[in-house]
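Data block below; observations after.
Everything numeric here is computed off the predicted structure, so don't read it as measured data.
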Amino acid sequence: MRDTVCYNAMITCYSHNHDGHAAIELFRDMLWNKFGPDNFTFSSVLSALALVADDERHCHQMHCVVLKSGTGLVTSVLNALISAYVKCASSAVASSSLLMASARKLFDEMPAKDELSWTTMITGYVRNDDLDSAREFLDGMTEKLVVAWNAMISGYVHHGLFEEAFEMFRKMLLMGIQQDEYTYTSVISASANGGMFQYGRQVHAYIVRTVVRPSTDFLLSVNNALVTLYSKCSKLDEAQEIFNMMPIRDLVSWNAILSGYVNAGHIEEARSIFREMPEKNLLTWTVMISALAQNGFGEEGLKLFNQMKLEGLDPCDYAYAGAVTSCAVLGSLENGRQLHSQLVRLGHDSSLSVGNALITMYARCGLSEDAYSMFLTMPYVDSVSWNAMIAALAQHGHGAQAIDLFEQMLKEDILPDRITFLTILSACSHAGLVKQGCHYFETMCGSYGITPGEDHYARMVDLLCRAGKFSEAKNLIESMPFEPGAPIWEALLAGCRIHGNLELGIQAADRLFKLMPQHDGTYILLSNMYATLGRWDDVSKVRMLMRERGIKKEPGCSWIEVESNVHVFLVDDTVHPEIQAVYNYLEQMVLEMRKLGYVPDTKFVLHDMESEHKEYALSTHSEKLAVVFGIMKLPPGATIRVFKNLRICGDCHNAFKFISKVVEREIVVRDGKRFHHFRNGECSCRDYW
DNA sequence: GTAGGGTTAG
């Protein structure tokens with residue numbers, strides 16, 4: 001025999017098991033069978049309604065039923081109804097303000113309000129991004145309830161209003177409202193995200209001083225927040241110390257310390273933390289995949305992404321973004337395309353992070369047109385998308401288009417940031433647009449109030465030196481408000497090498513030897529510069545210095561993707577299984593090239609110190625091997641896309657022009673800095689690189 | 001009814 005009590009029990013049961021639809025269905029059944037609902041029924045079914053939260057009609061219908069029943073004016077039932085409205089409002093897109101208005105009306109008409117009624121309204125407004133109304137309610141409360149204050153503070157924090165969050169916190173202290181772990185974690189997070197480290201440290205000190213017997217829960221959540229604070233403010237040692245002292249840790253603690261090491265760029269430590277973590281979740285995997293991609297470990301990033309799927313986890317859009325970035329690093333177009341189509345199938349392709357990562361993936365795989373169509377078809381774009389697209393054009397040497405896009409960005413009122421300017425400066429530098437570069441450098445400080453960092457100055461020095469304007473570059477360096485560091489001297493030295501400015505080049509190299517004596521690049525550039533000028537004695541002196549100091553040149557390697565597999569070639573490669581066929585093919589190719597006027601330029605052999613057969617050594621540069629392998633393996637006419645870790649060698653650059661003519665196909669080479677598109681005997685960079 | 005861990009651009 002069914003009765004109201006039976007129905008109540010079942011409805012409550014469904015509701016507790018988060019099956020809102022079943023609970024509501026049963027409630028309808030109950031009404032249909034003429035069983036009168038009581039306060040318990042309403043409380044249960046209303047919390048079920050809050051769970052479903054998909055339809056405003058449900059709320060209004062239930063409201064009517066409650067009013068009709070006559071029993072429904074009890075505060076607890078009305079609170080549940082308000083809560084249902086509020087939940088529906090935060091999940092509905094269009095009608096959220098209407099739903100909040102209904103909640104408010106109900107609240108205003110309530111005969112007796114309690115703390116819960118007030119708090120529900122406050123959190124409702126906070127969740128619906130109406131902080132002013134939330135604050136109005138809080139200020140109207142006579143009771144100073146910590147839960148309500150916490151809700152308000154967390155609202156401010158989530159909306160980036162960190163100062164306001166702290167103002168509330170101070171007010172609580174003044175008014176003598178007892179704070180709890182929710183309050184502390186929120187304000188600590190405010191200081192971590194708002195760049196207010198000192199505030200955070202003060203809160204930490206305050207907690208240590210005043211909290212006498214913290215519970216385990218208190219210690220867990222507050223310490224988690226503190227680990228994040230110290231990590232984000234680059235105080236990794238302190239973060240680690242807090243982590244070590246924690247009596248118990250949970251997944252949040254581990255993820256926080258993992259992110260700490262990742263943000264500090266300590267990828268090796270991050271790897272070992274990842275390995276030793278007692279449990280992992282979606283977030284853990286996402287952080288690690290992105291970290292690997294960001295640090296250039298594309299292959300490992302992809303591997304981890306696949307492993308994550310094998311372990312039965314569904315990657316979220318952020319994890320996909322990390323995988324896409326891994327493809328960008330590798331230049332693995334096939335894998336990238338596969339991910340893109342998976343994302344479309346899953347409906348993740350409207351995600352901003354995914355879209356932005358895809359722009360970069362297509363661009364870094366050599367397809368700037370595909371990057372652009374990605375940019376155009378994205379449903380929403382932000383400044384990251386604009387920056388990515390401008391960078392794509394810049395890397396491909398399309399300086400003028402990069403500038404056009406930048407101007408369009410300004411017209412659309414998107415605020416450029418320091419990265420936008422970094423990108424636009426390198427666009428100007430690659431395209432030799434000195435005047436425009438100087439103009440944007442001035443605009444950056446003058447119109448946008450962005451203080452140029454050392455990286456901006458380095459781009460400017462690069463721009464000026466490439467164009468041979470050394471005295472301007474020197475003036476700029478002298479005008480800098482800080483001591484020039486390695487990036488500045490590197491840019492200067494690179495420019496000197498291009499123009500054979502030995503005197504200034506030596507000065508720059510001396511500075512670099514002092515600043516980073518173990519860096520191989522300085523020795524290589526200097527030695528190349530001597531070689532270009534035919535000063536062989538000096539070349540061998542530099543070589544000697546390298547040997548004495550035990551400095552090894554970073555080995556050059558190039559790779560190419562064939563049928564989703566990445567084939568890597570080293571200088572003078574003997575490892576690749578098909579290397580002999582590659583050498584044979586290359587030999588034939590050189591004969592054809594010579595017919596068209598190719599003369600190997602032995603200057604560029606100088607990287608390979610021990611090589612006696614200079615011409616032979618030239619033919620074994622990794623980029624040549626990869627290009628030839630591509631010609632052998634890819635279908636006729638297909639574009640050859642090769643990637644190199646270091647800068648492309650001058651002779652290879654010349655050789656690829658000839659090869660593009662001989663085989664009548666496009667060759668695209670991405671080196672450490674930019675792209676070269678070889679077509680019909682010419683390079684897109686017009687030899688300005 | 002309140003908290004603490006993530007992404008994409010250079």
Side-chain angles (χ1 to χ4, degrees), chain A residues 50 79 82-83 86-87 114-124 126-127 145-155 157-158 179-190 192 217-218 220-229 231-232 250-260 262-263 281-291 293-294 316-325 328 351-361 363-364 375 378 381-392 394-395 417-427 453 455-456 459:
Chain A
N79 280 344
I82 292 178
S83 172
V86 162
K87 289 253 174 73
D114 62 7
E115 293 170 343
L116 194 56
S117 331
W118 283 91
T119 317
T120 310
M121 286 307 293
I122 292 169
T123 50
V126 166
R127 282 203 198 149
L145 189 69
V146 64
V147 179
W149 283 69
N150 288 346
M152 195 67 229
I153 292 179
S154 102
V157 175
H158 285 135
Q179 297 159 330
D180 62 11
E181 63 261 46
Y182 289 82
T183 328
Y184 296 133
T185 47
S186 286
V187 287
I188 291 168
S189 152
D217 275 356
F218 182 100
L220 182 62
S221 53
V222 170
N223 280 325
N224 284 345
L226 285 170
V227 170
T228 308
L229 168 72
S231 296
K232 282 199 176 157
D250 64 3
L251 197 47
V252 177
S253 336
W254 282 96
N255 285 338
I257 197 74
L258 177 69
S259 308
V262 166
N263 293 334
N281 65 359
L282 194 61
L283 209 138
T284 320
W285 289 88
T286 308
V287 169
M288 200 59 216
I289 291 166
S290 319
Q294 292 289 348
C316 58
D317 56 341
Y318 292 159
Y320 270 100
V324 170
T325 304
S351 151
L352 250 180
S353 335
V354 161
N356 294 340
L358 282 169
I359 293 176
T360 304
M361 188 278 289
R364 302 244 293 153
F375 176 72
M378 277 168 69
V381 290
D382 62 0
S383 63
V384 175
S385 329
W386 285 89
N387 289 350
M389 195 56 229
I390 295 170
Q395 286 157 4
D417 56 17
R418 46 176 296 109
I419 292 175
T420 319
F421 282 103
L422 222 46
T423 311
I424 204 72
L425 290 178
S426 58
D455 39 4
H456 293 104
R459 298 288 162 108

### Task
Check the side chains of A:Asp114 and A:Ser117 for a donor-acceptor pair under 3.5 angstrom, ignoring hydrogens and angles.
yes
### Task
Just call it for A:His456: base, sugar-phosphate, or nothing, with non-hydrogen atoms closer than 4.0 Å on any strand.
nothing
### Query
Across the strands shown, which category fits A:Asn281 at heavy-atom distances under 4.0 angstrom: base, sugar-phosphate, nothing?
base
### Task
Would you please name every residue forming a side chain to side chain contact (heavy atoms under 4.5 Å, CB included) with A:Asp382, sequence neighbours left out?
A:Leu352, A:Asn356, A:Val384, A:Ser385
### Task
Please work out if A:Asp417 contacts a base, only the sugar-phosphate, or nothing of the nucleic acid, heavy-atom cut-off 4.0 Å.
base
### Task
May I ask you to say what A:Thr286 touches in the nucleic acid, namely base, sugar-phosphate or nothing, with a heavy-atom cut-off under 4.0 Å?
base
### Message
Any base atoms under 4.0 Å from A:Leu358, or only sugar-phosphate, or nothing? Heavy atoms, all strands.
### Response
nothing
## Note on the structure
Residues passing the side chain to side chain contact (heavy atoms under 4.5 Å, CB included) test with A:Ser290, sequence neighbours excluded, are A:Thr286
### Query
Contact class for A:Asp317 vs. all strands (heavy atom < 4.0 Å): base, sugar-phosphate, or nothing?
nothing
## Note on the structure
Its 5'-most and 3'-most nucleotides having an atom under 4.0 Å from a non-hydrogen atom of chain A, DNA chain B is contacted over B:dG1 to B:dG10
### Task
Report yes if some heavy atom in the side chain of A:Val146 is under 4.5 Å from a heavy atom in the side chain of A:Thr183; otherwise report no.
yes
### Message
Under 4.0 Å, heavy atoms only, any strand: does A:Leu251 hit a base, just the sugar-phosphate, or nothing?
### Response
base
### Task
Report yes if the side chains of A:Val381 and A:Met389 come closer than 4.5 Å at any heavy-atom pair, otherwise no.
no
### Query
Under a 4.5 Å cut-off applied to non-hydrogen side-chain atoms, are A:His158 and A:Val126 in contact?
no
### Sugar-phosphate, base or nothing in reach of A:Thr183, heavy atoms under 4.0 Å
nothing
### Query
Base, sugar-phosphate alone, or nothing: which one does A:Ser221 contact when heavy atoms must sit under 4.0 Å apart?
base
### Query
Across the strands shown, which category fits A:Leu145 at heavy-atom distances under 4.0 angstrom: base, sugar-phosphate, nothing?
base
### Task
Describe the nucleic acid contact of A:Gln179 in one word from base, sugar-phosphate, nothing, applying a heavy-atom distance below 4.0 Å.
nothing
### Query
Base, sugar-phosphate, or nothing: which does A:Arg364 touch, judged by heavy atoms less than 4.0 Å apart?
nothing
### Query
Got a donor-acceptor contact below 3.5 angstrom from the A:His456 side chain to the A:Arg418 backbone?
yes
### Message
Taking any heavy-atom pair under 4.0 Å as a contact, classify A:Val147: base, sugar-phosphate, or nothing.
### Response
base
